[in-house]
A.B. asks: 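After the structure tokens below, expect a handful of questions from me.
Just so you know, these numbers come straight off a predicted model, no measurement behind them. Chain naming here is simple, since letters A, B, ... match the order of the sequence lines and numbering starts at 1 in each.
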Amino acid sequence: MIEAHKDYAGAKLGMWLFLFTEVVLFGGLFLLYSAYLHRYHLDFHHAARNLDTFLGGANTIILITSSFFMAMSITALQLGRRGRCLGLLALTVLMALGFLANKAIEWWAKFEHGIFPGSEHLRALPQGEEIFYSLYFAMTGLHGIHVLLGVGILSFVMILVRRGRVRQEDFVILENSGLYWHLVDLIWIFLFPLFYLIT
Amino acid sequence: MNGQAVNVVQSVDRTFYFIFGTSAVILFLIALATIYFVIRYNHKRHPVPADFDHNTLAEIIWTAVPTLLVLAMFYYGWQSFRALRGIPEDAMEVKVVGRMWSWSFEYADGRTGPILVVPLGKPVKLAITSKDVIHGFYVPAFRVKIDAVPGMTTYAWLQADRPGDYEIYCTVYCGLEHAKMLSRVHAVSPEEFESWLAQGQGRDGKALLEKHDCLGCHALDGSKLVGPSLKDLPGRQATLVETDGRERQVAIDEAYLKAAIVGDKGGRVKGFEPSMPSYRGQIPPEELQAMVDFLLGRQPGKPLDGAKLAEEQGCLGCHSTDGSILVGPSFKGLFGEKTTVIDQGREVEVLVDADFVKEVLANPGKRPAKGFDPVMPTYPDLTPEQKEALVGYLMSLGHEKHSH
Amino acid sequence: MSLTGIKAGASPRGFLSSPQDAGGLRSWIFSTDHKRIGLLYLACILTLFAAGVALGLIMRLKLITPGNDLLAPQTYNAVFTVHGVIMIFLVVIPSIPASFGNILLPLHIGAEDVSFPRLNLFSWWLYLTGAVVALVSIFTGSGAPDTGWTFYVPFSERTTTNVSVAVMAVFILGFSSILTGLNFITTIHQLRAPGMTWRRLSLFVWSLYATAWVQVLATPILGITVLLVFAERVLNLGLFDPGRGGDPLLYQHLFWIYSHPAVYIMILPAMGVISDIIPVFARKRIFGYNMIAFSSLTIASVGSLVWAHHMFTSGMSDLAVLVFSFLTFIVAVPSAIKIFNWLSTLYKGSIIVEPPLLFTLGFIWMFSVGGLTGLIQGAAGADIHVHDTYFIVAHFHYVIFGGTGLGMFAAMHFWFPKIFGRMYNRRTAAAAFWIILLGMNVLYFPMFILGLMGMPRRYYDYPAQFAQGQLISTVGSWILAMGLALMFYNLYAGVRRGAAAGPNPWGAATLEWTLPSPPPSGNFAEIPEVEKGPYDFAPDPRHD
Amino acid sequence: MAELDKRHAPHILSDRLLATVWATLVCLTAITIAVARIDLGFYNILAALSIATTKALLVIFFFMHMKYEHALLKWLLFLACVVLAIFIGLTFFDVAFRLQVRS
């Protein structure tokens, strides 16, 4: 058995490469979004009006703040303050859960209004609006799955930090999870204006 | 005319031969070089290899020359593409609709047909779309190919200069019978074309079935294509498999056929894929009626032939028309007379009229004729029209006796 | 390197032998040794290749005469779909990078393993999962998928066959490919031995590097695309459905944004193999090292920008046809440069003809045919006529089978003695090569003619005028199958009974040949100091 | 030859710097919502995306430490973004120039 590499820079390079693939994965949806926006820009404006800018804005702030806590937790561990690191991670996860709750409320409200993929109500709308909602569900849904994964990853990292597997001298796992979490934030930074602000 | 009269086929072929010729020469040289080097510089003949690993001049040359060559190929390719795309303004437009798995061509006067009839020497503009999935409209003889995309119209054009038939293929895989989605370009002289166009569309049921592309999947001669054959439908039953896998029998009648055409028959016919597209809203009601009438063997405007129906339904196996007694009472002289039946165990006299005949057809066991075994089966599949026709037939036999 | 280089006490079977306490299957399927993982890939790929070939033979048999009803139409449609899915996603895309890339990359750069060995094992497990899911899609539900490997919408949304499961298999396989690519890029950046500068990398490693970037940056597009097809079928989302405002052409764009570069994932590593083999058997440094390495990167990058040349007849804008036709011709140039460099390497060499070189020459010939016929398809006007006909089928089989396939066989014959420590029968290998070459040409060349005559692809039956070409092609398929059987039998016999090969039977100069054959588990006893290039042969090179 | 391994010890960002970045991000979010309420036509989208890009760069450079990473990583990130932009851009040669979109 080969001893585990302690190639800190390599681990980070690998993580960044993975993030590139995530960016391109969402990129496919951004491609669709831009093509359909070009084709149905008026419909998009109409449909976007039905999304709640307040909820979307609140979620933006929540994610930015959770990103902020995430970055601080890395600083804390780098300084050897494990308790503070754990506390900040817990806050990050809490924010993530808040985001998900908020998202669930928003989706639920849409469902209540008969807006869900393939619904009668959607079929009756102009085609551009239906496409807008399909994109909305696809993109925020995929993003939501990423948030959920992030919650899992960060909770797991919390355990590792507690057990001392991730510590001041060896924190690349924490840093890489942080990178992943910031990416989730990054994607939302673009989703927010594209869906909520183009009215 | 307008500079578009360039021969597209020649233009495309010229591009092809230019690239093909160049490529063949290059391929020949590459193959020759490898073989020559392997023999000439074999280690037995040439034990000490030369020691060089670059030659700037050679590398510049073999970068520059291929670049120029491919740019020339690009240019010719683009020129012939423009010829394919540059539709002459005086072109006659024909609408082309692809659907699983047939083509339909519609002319300016609304006439439609399954083959593309074109006049010689006249450019024809094709406005192509699809009803269901993507198809590819391909006429090799004219080097024409463009996809038929649902929700979009694409364009192509062709001009036939020699009379004859040219194959049309579907080139984009579109499901089960992709390989049989064939048609042809039928090029005729302009005079012939005009007279063909002047004939106008046939309006009978068969022509309509052709018009709406039914016959690509349903044969009229009993053979099994993608869908069930449409031969001898009257009086038949279909076995439907519902989405949950349950099977049920339904009679093939007018209501069933109309539901099937709009995609509402509530299941797939056993032994076939549920691949029939819905024609809801695509067929005018009178055309739909004409098609259904044709399928059910009715002459449009004429009543059903009751005698034929009685024969087909097997009535005459038990009921004679000459007064002789078989399994059941003879039809001869039956209608309009009183007859004795058993009603809930009691003998009752009833008048054989239209209502009674229909009652017997629907429920023969309710009041069976006295002196006969109650063995007559029910005929729940008969349509009201068919029942009327049978009543009419019995009436005619009864009338015959009265006239004596 | 002499036998003294073998570590004391090292098993003569190197990484192939397991430690006493952990033998058997488990020591393979849970091993993080890159060489074992590479062999696992190789075993899976060859098994699935055999399955794909079998399906191909069945199709050819069905098409031997018009009107033949050996297969029902629906069965034929499923067979060509499954043949495509297996061959593209399970065989050709992982073929060289996942098998030989894994085995050789750390050896070539003087590392003890890849950067993330456990991730590497995970990639293989994902690959296996993808393969199993693909098989599940064939044998369960409402029948094997019948869409063709391209899953074009809206047909793929409407068909009742098992497309949803098949696209999930593709998604999983894509993930496996991404992780392998990510691993390779990190490894090449981080784990090169001291002295292993970028200009001392073998050209095989350069090609893996270029390939890995395509894997990382293009595969996710395929991932999201098949996810959307899945969502349309299962969740009723409507992003491509024209009946709901969707644009089916956007699906084609997304699909080819990945699937065209995927062609380069398939062909670049084979070009790398060829670049490594030719100098060894010409006993001469590779001609134009920089240009070959650079052209790999150019092909990977420009090749990622030409996808819509698959869509000249799709109804997309004429301007897009202009742009993509132009880019397509540009990418032809670096491929041409590679061929000229290989020829110049042979020129004035001291050539010894061994099976690996034969397969390499076969690669050059077949790939040239495939590449040059590609020019016809790059030319917008000419492509219209041949698009979606047998011409295309012939073209891509020449490129993928004649190119990648023969490249893979060349790699198998070249590195066989290194991996197994034994040698196969070289005369039989040469005979197998000539039969394969003949079979390929008899099988695929008539398809060019059929295509020019107008025979569309994916037809379960055809009009009578195509009968002759189809018959010849079917005969070719039998010749090819015999050649393949002979080749695999010969290699199998070599594994079982071949003579000991020694550490460097070909007299090659890359690092793996300094190790004993098979290499030991940890690769190098100590990380080597690299002082020369990969093609700097010793002054008195001939080993015999 | 691990070229990224120049081992300048991992850079530690102060809480104050992170807090400043956070505050800027929140302000930018407020601004983008405010701007969206003014009707600028096409420029609305442009403004929203510019602000989003600014926010993204802040997150990448500070929260994700990119500012302190090796130049190679910066170039690779740039490469990934360019590739995505090209994918979208080239697609528009079709999407924006198709003769007619609907029948």
A.B. asks: So what's closer than 4.5 Å to chain B heavy atoms on C:Tyr535: side chain, backbone, both or neither?
C.D. replies: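 Neither the backbone nor the side chain of C:Tyr535 comes within 4.5 Å of chain B.
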A.B. asks: Which value, rounded to the nearest 0.5 Å, describes the distance between C:Asn341 atom CG and B:Glu59 atom CD?
C.D. replies: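 C:Asn341 atom CG to B:Glu59 atom CD measures 5.5 Å (nearest 0.5 Å).
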A.B. asks: Is chain C contacted by the side chain of B:Leu84, its backbone, both, or neither, given a heavy-atom distance below 4.5 Å?
C.D. replies: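 Side chain only.
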A.B. asks: Please look at C:Leu322 and chain B and tell me whether the side chain, the backbone, both or neither of the residue comes under 4.5 angstrom of a heavy atom of that chain.
C.D. replies: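 Backbone plus side chain of C:Leu322, per the 4.5 Å heavy-atom cut-off to chain B.
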A.B. asks: Kindly compute the distance separating CD1 (C:Ile352) from NZ (B:Lys44), expressed to the nearest 0.5 Å.
C.D. replies: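 The CD1 atom of C:Ile352 sits 8.0 Å away from the NZ atom of B:Lys44.
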A.B. asks: What residue in C:Ala382, C:Gly288, C:Pro154 has the most heavy-atom pairs under 4.5 Å with chain B?
C.D. replies: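 Of C:Ala382, C:Gly288, C:Pro154, C:Pro154 has the most heavy-atom pairs under 4.5 Å with chain B.
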A.B. asks: With a 4.5 angstrom heavy-atom cut-off, which part of C:Pro279 approaches chain B: side chain, backbone, both or neither?
C.D. replies: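 For C:Pro279, no heavy atom lies under 4.5 Å from chain B.
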A.B. asks: Is there side-chain contact between C:Val321 and B:Phe81, with heavy atoms separated by less than 4.5 Å?
C.D. replies: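 Counting from C-beta outward, C:Val321 and B:Phe81 do come under 4.5 Å.
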A.B. asks: Apply side chain to side chain contact (heavy atoms under 4.5 Å, CB included) to B:Phe74 and C:Ser325, showing your working.
C.D. replies: CA-CA 7 Å; B:Phe74 161 71; C:Ser325 172; 3.4 Å; yes
A.B. asks: If you tally heavy-atom pairs under 4.5 Å against chain B, which of C:Met455, C:Arg158, C:Met291, C:Met311 wins?
C.D. replies: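 Sorted descending by pairs with chain B, the first entry is C:Arg158.
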A.B. asks: Against chain C, work out which of B:Phe18, B:Tyr36, B:Tyr76, B:Trp78 has the most heavy-atom pairs shorter than 4.5 Å and name it.
C.D. replies: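 Sorted descending by pairs with chain C, the first entry is B:Trp78.
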A.B. asks: Looking at B:His54, I want to see if its NE2 is surrounded by more than 12 non-hydrogen atoms of other residues, nucleotides or ligands under 6.0 Å.
C.D. replies: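 At most 12 heavy atoms, drawn from other residues, nucleotides or ligands, come within 6.0 Å of this atom.
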A.B. asks: Of the backbone (N, CA, C, O) and the side chain (C-beta and beyond), which part of B:Val149 lies under 4.5 Å from a heavy atom of chain C, both, or neither?
C.D. replies: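 Just the side chain, heavy atoms under 4.5 Å.
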A.B. asks: So, C:Ser350 side chain and B:Pro47 main chain: donor-acceptor pair closer than 3.5 Å or not?
C.D. replies: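 Looks like yes, one N/O pair under 3.5 Å.
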A.B. asks: Is it the backbone or the side chain of B:Tyr138 that comes under 4.5 Å from a heavy atom of chain C, or both, or neither?
C.D. replies: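 For B:Tyr138, the side chain is the part near chain C, not the backbone.
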A.B. asks: In terms of heavy-atom proximity below 4.5 Å to chain B, should C:Leu343 be classed as side chain, backbone, both, or neither?
C.D. replies: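 It is both, since atoms from each part get that close.
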A.B. asks: Heavy-atom distances under 4.5 Å only: say whether B:Asn55 touches chain C with side chain, backbone, both or neither.
C.D. replies: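 When you check distances to chain C, atoms from both the backbone and side chain of B:Asn55 fall under 4.5 Å.
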A.B. asks: Using a cut-off of under 4.5 Å on heavy-atom pairs, state which of C:Ala336, C:Ser314, C:Pro463 scores highest against chain B.
C.D. replies: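 It is C:Ser314.
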A.B. asks: Looking only at heavy atoms and a cut-off of under 4.5 Å, which of C:Tyr347, C:Tyr76, C:Tyr462 has the most pairs with chain B?
C.D. replies: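 Highest number of heavy-atom pairs under 4.5 Å: C:Tyr347.
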A.B. asks: What part of C:Met453 gets closer than 4.5 Å to chain B, counting heavy atoms only: side chain, backbone, both or neither?
C.D. replies: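 C:Met453 touches chain B through backbone heavy atoms alone.
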A.B. asks: Look at the aromatic rings of B:Phe16 and C:Phe391 and report parallel, tilted or perpendicular, splitting at 30° and 60°.
C.D. replies: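 Perpendicular.
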A.B. asks: What distance separates C:Phe329 CZ from B:Leu71 CG, expressed to the nearest 0.5 Å?
C.D. replies: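 If I round to the nearest 0.5 Å, the distance is 9.0 Å.
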A.B. asks: Measure C:Thr147 against the heavy atoms of chain B and call it side chain, backbone, both or neither at under 4.5 Å.
C.D. replies: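 Backbone only.
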A.B. asks: Distance-only, no hydrogens or angles: does the B:His46 side chain make a donor-acceptor pair with backbone N or O of C:Gly349 under 3.5 Å?
C.D. replies: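 Yes.
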A.B. asks: Measure distances from C:Asn290 to the heavy atoms of chain B and classify the residue's part below 4.5 Å as side chain, backbone, both or neither.
C.D. replies: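 For C:Asn290, there is no contact with chain B at all, as no heavy atom is under 4.5 Å.
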A.B. asks: Would C:Lys284 count as a cation-pi partner of B:Tyr41, with NZ or CZ less than 6.0 Å from the six-membered ring centre and within 45° of the ring normal?
C.D. replies: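 No.
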A.B. asks: Chain B heavy atoms under 4.5 Å from C:Gln377: which part of the residue, side chain, backbone, both or neither?
C.D. replies: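 When you check distances to chain B, no heavy atom of C:Gln377 falls under 4.5 Å.
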A.B. asks: Among the options B:Leu27, B:Val144, B:Ile39, B:Asp13, pick out the one with the most heavy-atom pairs lying under 4.5 Å from chain C.
C.D. replies: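 That would be B:Leu27.
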A.B. asks: Mark yes when over 12 heavy atoms from residues, nucleotides or ligands other than C:Phe326 sit less than 6.0 Å from its CZ; otherwise mark no.
C.D. replies: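 No, the 6.0 Å shell around CZ holds no more than 12 heavy atoms from other groups.
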A.B. asks: Taking C:His387's backbone N and O only, do any of them form a donor-acceptor pair with B:Lys145's side chain (distance below 3.5 Å, no angle check)?
C.D. replies: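 Flag set: sc B:Lys145 to bb C:His387 pair under 3.5 Å.
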A.B. asks: With respect to C:Tyr459, which candidate in B:Lys180, B:His178, B:Met181 satisfies the side-chain contact (heavy atoms from CB on, under 4.5 Å) definition?
C.D. replies: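 Looking at B:Lys180, B:His178, B:Met181, the match for C:Tyr459 under the side-chain contact (heavy atoms from CB on, under 4.5 Å) is B:His178.
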A.B. asks: Just distance, no hydrogens or angles: give the donor-acceptor pairs under 3.5 Å from side chains in residues 363-376 of chain C, sequence neighbours left out.
C.D. replies:
from, atom 1, to, atom 2, distance (Å)
C:Trp365, NE1, B:Thr34, OG1, 2.8
C:Ser368, OG, C:Ile364, O, 2.6
C:Thr373, OG1, C:Val369, O, 2.9
C:Thr373, OG1, C:Gly370, O, 2.9
C:Thr373, OG1, C:His395, ND1, 3.2

A.B. asks: Among C:Val353, C:Ile286, C:Ile330, which residue forms the greatest number of heavy-atom pairs with chain B at distances under 4.5 Å?
C.D. replies: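 The option with the most such pairs is C:Ile286.
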A.B. asks: Given that the side chain runs from C-beta out, which part of B:Glu167 has a heavy atom under 4.5 Å from chain C: side chain, backbone, both or neither?
C.D. replies: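 Contact with chain C: side chain only.
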A.B. asks: In terms of relative ring orientation, are B:Trp62 and C:Phe340 parallel, tilted or perpendicular, with 30° and 60° separating the classes?
C.D. replies: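 Answer is tilted, since the angle falls between 30° and 60°.
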A.B. asks: Kindly say whether B:Ala50 contributes a backbone atom to a donor-acceptor pair with the side chain of C:Lys348 at under 3.5 angstrom?
C.D. replies: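 Side chain of C:Lys348 to backbone of B:Ala50, a donor-acceptor pair under 3.5 Å: no, none is there.
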A.B. asks: Taking all heavy atoms of B:Pro49 and all of C:Ala282, pick out the closest pair and write down the distance.
C.D. replies: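 Between these two residues, the closest heavy atoms are CB-O, 4.1 Å.
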A.B. asks: Pick from C:Thr161, C:Leu249, C:Ile384, C:Thr345: which one has the most heavy-atom pairs with chain B under 4.5 Å?
C.D. replies: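 Most heavy-atom pairs under 4.5 Å with chain B: C:Ile384.
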A.B. asks: Evaluate the criterion side chain to side chain donor-acceptor pair (under 3.5 Å) for residue pair B:Tyr173 and C:Asn77; output intermediate values, then yes/no.
C.D. replies: CA-CA 9 Å; B:Tyr173 176 73; C:Asn77 295 342; 3.1 Å; yes
A.B. asks: Is there a side chain to side chain contact (heavy atoms under 4.5 Å, CB included) between C:Phe155 and B:Val172 once you walk through the steps?
C.D. replies: CA-CA 10 Å; C:Phe155 182 75; B:Val172 176; over 6 Å; no
A.B. asks: State plainly whether the residues B:Asp51 and C:Arg285 are in salt-bridge range, i.e. N to O under 4.0 Å.
C.D. replies: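 Yes, B:Asp51 and C:Arg285 are salt-bridged.
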